[in-house]
Amino acid sequence: MQYRRPFETKSWQNRICPAETMVKIHPDDVTTTSGAGDETISPYLTTEPESFTIWMKSLVFNTNGCTVFNSKGRIIYRVDNYNSKSCREVYLMDLSGHVLFTLRGQKFGLFKTWEGYRSSSETAESTTKLEYFRVKNKVFQIPNKDSSSSYRVVAGSCRNDEQYCYKMVNHGGSLVIEENCGKLLAEVKRKQSRNGLKLGEDVLTMTVESQVDHSFIVGLVLAHSLINCIL
């Protein structure tokens, strides 16, 4: 089976959701002009703890996917699966459609595994050597809202240079991503409005700690969603 590249779209697929819909998802959206003070060493590396909004919907009508906003309300990542859900290959792109990570699904018996490969293009340049990762369940279990589940994450410069570096724990509606030593990297949970009301189950808040490659974190969150057939 051949997969169509995400940027090979047909004319009817370029129907983007209206701006007012996105404002409901990210009410803090503001319009700012870029300046010298906005420049960072890497566009993917956090310099301080930062919050992102993940909307588990594509901006293209009648398609599956997700959209990621930064703390200023700007779209920085997107996934468009078109008419397929839980497909075997998914592309994490920036707003312009450049592929940052390619995620491929594998299945070994009852265990689902997703592998991520960073794009070698200049648009996906990273300050780390994390060019490859693999996410899989530690144990097989039937999904349950009240139960906790953990995921083993190995990463490295390539598939033959992988090390057990990270773990993801899903408990009580919160997904925590940590280094193997227990150091917190990021947390994902259901987004709340300013009044404390929880938004839809498809609207999430992702908090990433300082000096962390958030494109890599988004890749792990996508792999978790794909393992659980959410995306």
Audit row: Thr53, Val203, side chain to side chain contact (heavy atoms under 4.5 Å, CB included) steps and yes/no: CA-CA 7 Å; Thr53 297; Val203 185; 4.1 Å; yes
Cys229 and Lys112: CA distance, side-chain angles, deciding distance, side chain to side chain contact (heavy atoms under 4.5 Å, CB included) verdict: CA-CA 10 Å; Cys229 301; Lys112 293 182 180 179; 3.2 Å; yes
Audit row: Val135, Met168, side chain to side chain contact (heavy atoms under 4.5 Å, CB included) steps and yes/no: CA-CA 9 Å; Val135 180; Met168 296 193 293; 3.5 Å; yes
Pair Phe101-Tyr91, side chain to side chain contact (heavy atoms under 4.5 Å, CB included): steps then yes or no: CA-CA 6 Å; Phe101 276 97; Tyr91 304 99; over 6 Å; no
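Looking only at atom types and distance, the side chain of Ser193 has no donor-acceptor partner in the side chain of Asn195 under 3.5 Å away.
Closest heavy-atom contact between Thr47 and Gln211: CA-NE2, 3.8 Å. Nearest approach of Glu187 to Ser174, heavy atoms of both residues: OE2-OG, 2.7 Å. Residues Ser51 and Thr207 share a closest heavy-atom pair of OG-OG1, 3.7 Å. Across all their heavy atoms, Arg134 and Thr113 have their closest contact at CG-CG2, 3.3 Å. Shown here for Leu184 and Ile177, the closest heavy-atom pair between the two residues is CD1-O, 3.8 Å. Between Cys165 and Ala155, the shortest heavy-atom distance links the atoms SG-O, 4.2 Å.
Contact annotation: the side chain of Lys136 never approaches that of Val154 to less than 4.5 Å [non-hydrogen atoms, C-beta and beyond]. Counting only heavy atoms from C-beta outward, the side chains of Tyr132 and Glu115 approach each other to under 4.5 Å. Between Ser215 and Arg118, the closest side-chain pair of non-hydrogen atoms falls below 4.5 Å. Within the 4.5 Å cutoff, the side chain of Leu226 has heavy atoms near those of the Leu103 side chain. The closest side-chain heavy-atom distance from Val90 to Asn81 is below 4.5 Å. Residues Val99 and Leu92 are not in side-chain contact: their nearest non-hydrogen atoms beyond the backbone lie 4.5 Å or more apart.
Taken together through direct or relayed side-chain contacts under 4.5 Å among Ile, Leu, Val, Met, Phe, Trp and Tyr, Ile54 and Val176 form parts of separate hydrophobic clusters. Under the 4.5 Å side-chain contact rule for hydrophobic residues, Val169 and Tyr166 do not share a cluster.
The closest donor-acceptor contact from the side chain of Ser58 to the backbone of Val60 lies under 3.5 Å. Side chain of Thr46 to backbone of Val212: a donor-acceptor contact under 3.5 angstrom is found. Distance alone, capped at 3.5 Å, places no donor-acceptor pair between the Arg190 side chain and the Leu204 backbone.
Note that OG of Ser210 is 7.5 Å distant from CG of Leu45, once rounded to the nearest 0.5 Å. Summarising the geometry, atom CE belonging to Met93 is positioned 9.5 Å from atom OG1 belonging to Thr67; distances are rounded to the nearest 0.5 Å. Annotation: the span from Phe216 atom CZ to Leu185 atom CG amounts to 8.0 Å, rounded to 0.5 Å. A distance of 8.5 Å separates NZ in Lys72 from CD in Glu50, rounded to the nearest 0.5 Å. Rounded to the nearest 0.5 Å, atoms CD1 (Ile75) and CG (Leu59) are 4.5 Å apart. We find the OG-NE2 distance between Ser119 and His98 to be 9.5 Å, quoted to the nearest 0.5 Å.
Here the options are Val221, Asn228, Ile227, Leu220, the test is side chain to side chain contact (heavy atoms under 4.5 Å, CB included), and the partner is His224; only Asn228 passes.
Figure legend: cation-pi geometry between Arg74 and Phe69 absent, as NZ or CZ is not positioned both under 6.0 Å from the six-membered ring centre and within 45° of its axis.
Residues in residues 188-215 take part in these ring-ring contact (aromatic ring centres under 6.0 Å, His included) pairs, two or more places apart or across chains: Phe52-His214, Tyr77-His214.
Taking a cutoff of 4.0 Å between a charged side-chain nitrogen and a carboxylate oxygen, Asp202 and Lys191 do not qualify as a salt bridge. The residues Arg104 and Glu89 are annotated as salt-bridged, a charged nitrogen and a carboxylate oxygen being separated by less than 4.0 angstrom.
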